[in-house]
Amino acid sequence: MEITSFTLFSSSQTFFVALAFTLLCLFLAVLTVRSRPSKPRRSQSDGGSSSSDDKNEKLCNCFCHSNGAVSNYSEPVDALHLNGGTEKQTAVTEIETTGASMMEQLVPEITTHALSYLDYPSLCRLSMTNSLMRKAANDDNAWKALYHKDFTSEQDTVTPVNGWKAYYAATRAVVMVNVQFFNFIRDRSLPEMSRLWLNADYVKCVHPSGEFFSGYNAVVQSWQLAFNWEQGVNFQVRDVRARVLTDMAWVTMKTYVGDHLDTGPFSVTNIFEFHNGRWYMVHHHSSVLDEVEHQNA
């Protein structure tokens, strides 16, 4: 009987049984998915959405890094906190708003000592970089230290009218003119020597021989005679000291003749006056320095 009933089971009934079984499985799967606990959503009262939490976490990390420390601190940061409106941001915003550089934060004495290692061209270039460096490079104490290093430790009590930077520049200009004077003697260049002297009747010149000449024409003729009779002379100039006033300056020094200091020393004094934007020589005095004076000098 059972075999007969199985045989008589039609194909259409088999299809409906399979379809019912498939629908039952699908229904059970849907129930299983719906029965799983869903992930709770965070409301605005619980701290905002996940995206806002991520943004706050990123902002907080930025703040922590800006203070020089790396941490996992995730406290929410509000807009006022980021804009420097709270006390936590005071140290950061103070540096950002003032724009203070390392040079400005140094003690003035340390800054002056650091700049004293620079030479004249380097200090001028430093003042051309930006406003902060210009302020540091124009410091009066820095130029005073540079003056004592390049020229003389004397004149420490001098107070230049226009500051030490202007005084340094004027002294440098006078010293360069004094160097040109000796170059004209080495080259025996009468035209250059004539332009160096001021065309005035009160200029004076005393040569090492003791001859004295007064007035522009007489002084120029004396140099013409010296260049005609003497061969090119190589001078060694030592112990240069310069003093500059508003429109007058004088330079004292010792000179030796020859590469090996064969003759000398000679005591030399040159006096200059400032006219029409340049320095002119108005007085030259050269005399042999005896042994007693040389030891006392």
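None of the values given here were measured: they were computed from a predicted structure.
Between W197 and H284, the distance separating the two ring centers is not shorter than 6.0 angstrom. A ring-centre distance under 6.0 Å is found for Y147 and Y167. The distance between the ring centers of H207 and F213 falls below 6.0 angstrom. Between F274 and Y280, the distance from one ring center to the other does not fall under 6.0 angstrom. Proximity of the aromatic rings of H285 and W250 is defined here by a centroid distance below 6.0 angstrom, and this criterion is not met.
In this structure, the separation between CZ on R195 and CZ on R278 is 8.5 Å, given to the nearest 0.5 Å. In this structure, the separation between OG1 on T255 and CZ on R238 is 11.0 Å, given to the nearest 0.5 Å. The distance from the CG atom of N183 to the OG atom of S189 is 10.5 Å, given to the nearest 0.5 Å. Separation of atoms CG (N270) and CG (N178) is listed at 5.0 Å; rounding is to 0.5 Å. From T171, atom OG1 reaches atom CG of D150 across 10.5 Å, with rounding to the nearest 0.5 Å. One distance of note links CG of N138 with NZ of K165; it measures 3.5 Å at 0.5 Å rounding.
Side-chain atoms of V268 and K254, non-hydrogen and from C-beta on, never get closer than 4.5 Å to each other. With a 4.5 Å cut-off on side-chain heavy atoms, W143 and H148 do not count as touching. Counting heavy atoms from C-beta outward, K204 and V282 have side chains that stay 4.5 Å or more apart. Between R243 and V158 there is a side-chain heavy-atom pair separated by less than 4.5 Å. Counting only heavy atoms from C-beta outward, the side chains of L190 and F184 never approach each other to under 4.5 Å. Residues F212 and C205 have side chains not in contact (no heavy-atom distance under 4.5 Å, counting atoms from C-beta outward). F151 places none of its side-chain heavy atoms less than 4.5 Å from the side chain of L146. By the 4.5 Å heavy-atom criterion applied to side chains, P160 and N162 are not counted as neighbours.
In terms of modelled atom types and a separation under 3.5 Å, the side chain of Q155 and the main chain of A242 share a donor-acceptor contact. Judged purely by atom type and a 3.5 angstrom limit, D139 uses its side chain to pair as donor or acceptor with the backbone of N141.
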Check step by step if side chain to side chain contact (heavy atoms under 4.5 Å, CB included) holds for V240 and V251.
-> CA-CA 7 Å; V240 179; V251 183; 3.6 Å; yes
Check step by step if side chain to side chain donor-acceptor pair (under 3.5 Å) holds for Y202 and E273.
-> CA-CA 12 Å; Y202 58 84; E273 287 186 2; 2.9 Å; yes
Criterion salt bridge (charged side-chain N to carboxylate O under 4.0 Å, His left out) on D156 and K144, from CA distance to verdict = CA-CA 9 Å; D156 188 60; K144 180 179 180 180; 3.7 Å; yes
Give the intermediate values and the outcome of ring pair (Phe, Tyr, Trp, His ring centres under 6.0 Å) for residues Y168 and Y120.
-> CA-CA 9 Å; Y168 182 98; Y120 172 75; 5.2 Å; yes
Take F181 and M193, measure what side chain to side chain contact (heavy atoms under 4.5 Å, CB included) needs, and give me the verdict at the end.
-> CA-CA 7 Å; F181 168 74; M193 182 65 74; 3.7 Å; yes
Would L196 and V177 satisfy side chain to side chain contact (heavy atoms under 4.5 Å, CB included), going step by step from the backbone distance to the final call?
-> CA-CA 8 Å; L196 177 64; V177 173; 3.6 Å; yes
Apply side chain to side chain contact (heavy atoms under 4.5 Å, CB included) to D239 and M253, showing your working.
-> CA-CA 5 Å; D239 300 330; M253 70 220 79; 5.8 Å; no
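In the hydrophobic clustering of ILVMFWY residues, with side-chain heavy atoms under 4.5 Å counting as a link, F266 and I271 come out together.
Across all their heavy atoms, A137 and L123 have their closest contact at CB-O, 3.7 Å. Considering all non-hydrogen atoms of both residues, A200 and V203 come closest at O-CG2, 3.4 Å. Of all heavy-atom pairs spanning Y216 and L198, the tightest one is CD1-O, 3.4 Å. What you find for V219 and S222 is that their closest heavy atoms are O-OG, 2.5 Å.
In this structure, R241 places its CZ atom where more than 12 heavy-atom neighbours from other residues, nucleotides or ligands lie under 6.0 Å away.
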